[in-house]
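Hydrogens, waters and symmetry mates are skipped; everything else that's a heavy atom, side chains included, is used.
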Amino acid sequence: MANMSFLLVLVIVPFVLIGMSSAQLTSNFYNSSCPNVLSIIKTAVNSAIAKESRMGASLLRLHFHDCFVNGCDASVLLDDTSSFTGEKTANPNSGSLRGFDVIDTIKTQIESSCAGVVSCADILAVAARDSVVKLGGPSWTAVLGRRDSTTASLSNANSDIPAPTLNLSSLISSFSNKGFNTREMVALSGSHTIGQARCTTFRDRLHNETDINASFATSVKSKCPQSGSDNNVSPLDTTSPTTFDNIYYKNLRIQKGLLHSDQQLFSGGSTDSIVNTYSSNSATFLADFAKAMVKMGNLSPLTGTNGQIRKNCRKTN
């Protein structure tokens, strides 16, 4: 029995060390210290999306780009200073990451209610969840108790966030590096059922690839010519761009994926069957997406006495 206990320790400890454990994150973390936090975030998110429906996708993307770089620690929110380089100028973030002002507004409101208690990392996690719900997607229980980093990594932001040019094998590897299996990768890619992408991210696919619906390509080319118009945007899901649904997968089946990385999920490879499942069964997609989001929110959180609770999400205390 002693040997069995030792073996269990060997199995469990590495699992905790890689940061996938949610042991210290709980759904009731702020129940006594800041009981209004969830309602404050929800109200602000709903208000922001009412003003601009695209903001829901932007807030979801902020959480993703935070968690994939050294864990969900709000490092993505830190501004550059003369002595500090943040992640905002990384290639996947520069000129496209948005929603910082919404997070600032939420943080200011929360600080007025309970100063120095709620982390920016937790705000990002809840705002992402509330955005999905507001746009018609699934809900999930937000576990809380993350703390904020005092550091950021421009190099990791450049290397760890999957690029829109990746082939299927590289997409699988990129998500596997963060502990996600292939099905979870395909489910999380379904976040592209909302939001928009810049011409610079899909120009090459539009003008040079053959596995693309001809009429779809023609319609998008008007916004994205072979040169110029880099910052013109087009919906990732042209059918229902502000509704969180499974149409993204239906579009992939008829070669209407906007990004190269999108269409790679349905290109004769190992993920075709998953796309088919999500395309034909909305409930399965929504359930899988919610589970994968909980898992993403558990990537290497700072807890206990690690990190800090920033007063201003843009700078360390």
Chemist: Just wondering, do C72 and H63 contact through their side chains at under 4.5 Å, heavy atoms?
Modeler: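 A side-chain contact exists here, since the closest heavy-atom pair is under 4.5 Å.
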Chemist: Keeping the roles fixed (side chain from S234, backbone from C199), state whether a donor-acceptor pair exists under 3.5 Å.
Modeler: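 Side chain of S234 to backbone of C199, a donor-acceptor pair under 3.5 Å: no, none is there.
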Chemist: Y249 side chain to G190 main-chain N or O, any donor-acceptor pair under 3.5 Å?
Modeler: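 Yes.
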Chemist: For the side chain of Q263 and the backbone of G257, is there at least one donor-acceptor N/O pair under 3.5 Å apart?
Modeler: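 Yes; at least one donor-acceptor contact below 3.5 Å.
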Chemist: Going by an N to O cut-off under 4.0 Å, is there a salt bridge joining R314 and D104?
Modeler: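 Looking at R314 and D104, the cut-off is met.
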Chemist: Could you verify whether a donor N or O on one side chain and an acceptor N or O on the other, from N306 and R147, lie under 3.5 Å apart?
Modeler: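 No.
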Chemist: In terms of side-chain heavy atoms, does S240 have a donor or acceptor partner in D237 at a distance below 3.5 Å?
Modeler: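 Result is yes, a qualifying pair exists.
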Chemist: Quick one: CG on L78 to SG on C120, what's the gap to the nearest 0.5 Å?
Modeler: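 If we round to the nearest 0.5 Å, L78:CG and C120:SG are 8.5 Å apart.
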Chemist: When rounded to the nearest 0.5 angstrom, what is the spacing between SG in C114 and CD1 in I40?
Modeler: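 The CD1 atom of I40 is 6.0 Å from SG of C114, to the nearest 0.5 Å.
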Chemist: Could you check whether any side-chain N or O of S222 sits under 3.5 Å from a backbone N or O of S219, counting only pairs where one atom can act as donor and the other as acceptor?
Modeler: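 Checking the backbone N and O of S219 against the side chain of S222, a donor-acceptor pair under 3.5 Å is found.
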Chemist: Can a salt bridge be assigned to the pair D79 and K88 using a cut-off of 4.0 Å between side-chain N and carboxylate O?
Modeler: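 Counted as a salt bridge, because a side-chain N and a carboxylate O are separated by less than 4.0 Å.
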Chemist: Locate the shortest heavy-atom distance separating A74 from D148; write the atom from each residue and the value.
Modeler: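 Shortest heavy-atom separation between A74 and D148 comes out as CB-OD1, 3.6 Å.
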Chemist: Looking at N158, is its backbone amide N or carbonyl O close enough to the side chain of N91 to form a donor-acceptor pair, meaning the two atoms are under 3.5 Å apart?
Modeler: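 Side chain of N91 to backbone of N158: no pair is present.
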Chemist: Check step by step if side-chain contact (heavy atoms from CB on, under 4.5 Å) holds for E209 and F202.
Modeler: CA-CA 10 Å; E209 295 184 7; F202 58 82; over 6 Å; no
Chemist: Once you round to the nearest 0.5 Å, how far does CG of L171 lie from CZ of F180?
Modeler: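 One finds 13.5 Å between CG of L171 and CZ of F180.
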Chemist: So, for A90 and L154, which heavy atoms are closest and what is the spacing to 0.1 Å?
Modeler: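 Looking at all heavy atoms of both residues, the shortest contact is N-CD1, 3.4 Å.
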Chemist: Testing L124, V126, I103 one by one against I41 for a side chain to side chain contact (heavy atoms under 4.5 Å, CB included), which residue passes?
Modeler: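 Passing option: V126.
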Chemist: Say you draw a straight line from OG1 of T284 to CZ of R183; how long is it, rounded to the nearest 0.5 Å?
Modeler: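 T284 atom OG1 to R183 atom CZ measures 7.0 Å (nearest 0.5 Å).
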Chemist: To the nearest 0.5 angstrom, please state how far the OG1 atom of T277 sits from the CG atom of D288.
Modeler: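 The CG atom of D288 is 9.0 Å from OG1 of T277, to the nearest 0.5 Å.
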Chemist: Taking the side chain as everything from C-beta on, heavy atoms only, tell me whether S149 gets closer than 4.5 Å to N70.
Modeler: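 Heavy-atom side-chain distance check fails, nothing below 4.5 Å.
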Chemist: Could you check whether T26 and N28, counting side-chain N and O atoms only, form a donor-acceptor pair closer than 3.5 Å?
Modeler: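 Side-chain D/A pair, N28 to T26: present.
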Chemist: Just so I know, are the side chains of K178 and M296 near enough to count as touching, which here means a heavy-atom distance under 4.5 Å?
Modeler: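 Answer no - side chains too far apart.
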Chemist: Heavy-atom distance under 4.5 Å between the side chains of F244 and L286, does that happen here?
Modeler: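 Counting from C-beta outward, F244 and L286 do come under 4.5 Å.
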Chemist: Under a 4.0 Å N-O cut-off, is there an ion pair linking R203 with D230?
Modeler: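 D230 and R203: salt-bridged.
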Chemist: Do D66 and D73 have side chains that approach each other closer than 4.5 Å (heavy atoms only, starting at C-beta)?
Modeler: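 SC-SC contact between D66 and D73 confirmed.
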Chemist: For the side chain of T43 and the backbone of S39, is there at least one donor-acceptor N/O pair under 3.5 Å apart?
Modeler: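 It does hold such a pair.
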Chemist: Provide the closest heavy-atom pair for A197 versus L258 in the form atom of the first, atom of the second, distance.
Modeler: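 Distance-wise, the nearest heavy atoms are CB-CD2, 4.0 Å.
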Chemist: Given the rule in the side-chain contact (heavy atoms from CB on, under 4.5 Å) test, do E184 and K291 qualify, once you have shown the distances and angles that lead to the verdict?
Modeler: CA-CA 9 Å; E184 290 166 334; K291 281 188 284 188; over 6 Å; no
Chemist: Please assess R61 against S96 for the test side-chain hydrogen bond (donor to acceptor under 3.5 Å, both in side chains), listing each intermediate value before the final yes or no.
Modeler: CA-CA 10 Å; R61 187 168 182 251; S96 67; 3.2 Å; yes
Chemist: Report yes or no: does Y30 contribute a side-chain atom to a donor-acceptor pair with the main-chain N or O of L38 at less than 3.5 Å?
Modeler: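 A pair under 3.5 Å: no.
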Chemist: Roughly how far, to the nearest 0.5 Å, is the CG atom of L60 from the NE2 atom of H65?
Modeler: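 If I round to the nearest 0.5 Å, the distance is 9.5 Å.
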Chemist: Checking side-chain contact (heavy atoms from CB on, under 4.5 Å) for the pair I49/D130: CA distance, chi angles, key distance, verdict?
Modeler: CA-CA 10 Å; I49 293 174; D130 290 350; over 6 Å; no
Chemist: side-chain contact (heavy atoms from CB on, under 4.5 Å), that's the test. Do V275 and R253 meet it? Break it down for me.
Modeler: CA-CA 8 Å; V275 170; R253 296 189 69 216; 3.9 Å; yes
Chemist: For the side chain of D272 and the backbone of S267, is there at least one donor-acceptor N/O pair under 3.5 Å apart?
Modeler: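 Such a contact is found between D272 side chain and S267 backbone.
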Chemist: Would you mind reporting whether M185 and L168 have side-chain heavy atoms less than 4.5 Å apart?
Modeler: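 Yes, close enough: below the 4.5 Å cut-off.
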Chemist: State, yes or no, whether a side-chain contact exists between F29 and Q24 at a heavy-atom distance under 4.5 Å.
Modeler: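 Of all side-chain heavy-atom pairs linking Q24 with F29, none is under 4.5 Å.
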Chemist: Using a 6.0 Å cut-off, check whether atom NZ of K221 has over 12 heavy atoms from anything other than its own residue.
Modeler: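 Yes, NZ of K221 has more than 12 neighbouring heavy atoms, counting only those of other groups under 6.0 Å.
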Chemist: Between N213 (side chain only) and F216 (backbone N and O only), is there a donor and an acceptor less than 3.5 Å apart?
Modeler: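 At least one qualifying donor-acceptor pair exists.
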Chemist: Verify the ring-centre separation between F285 and Y248: is it less than 6.0 angstrom?
Modeler: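 For Y248 and F285, the ring centres are not under 6.0 Å apart.
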Chemist: May I ask you to test the R205-D262 pair for a side-chain heavy-atom distance under 4.5 Å?
Modeler: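 Counting from C-beta outward, R205 and D262 never come under 4.5 Å.
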Chemist: Should the pair D122-R146 be classified as a salt bridge under the 4.0 Å nitrogen-to-oxygen rule?
Modeler: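 Counted as a salt bridge, because a side-chain N and a carboxylate O are separated by less than 4.0 Å.
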Chemist: Side chains of N208 and D204 only: does a donor on one sit below 3.5 Å from an acceptor on the other?
Modeler: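 The answer is yes; a qualifying pair exists.
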Chemist: Test your reading of the model: is there a side-chain donor-acceptor pair from R310 to the backbone of C313, 3.5 Å cut-off?
Modeler: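 Answer holds: yes.
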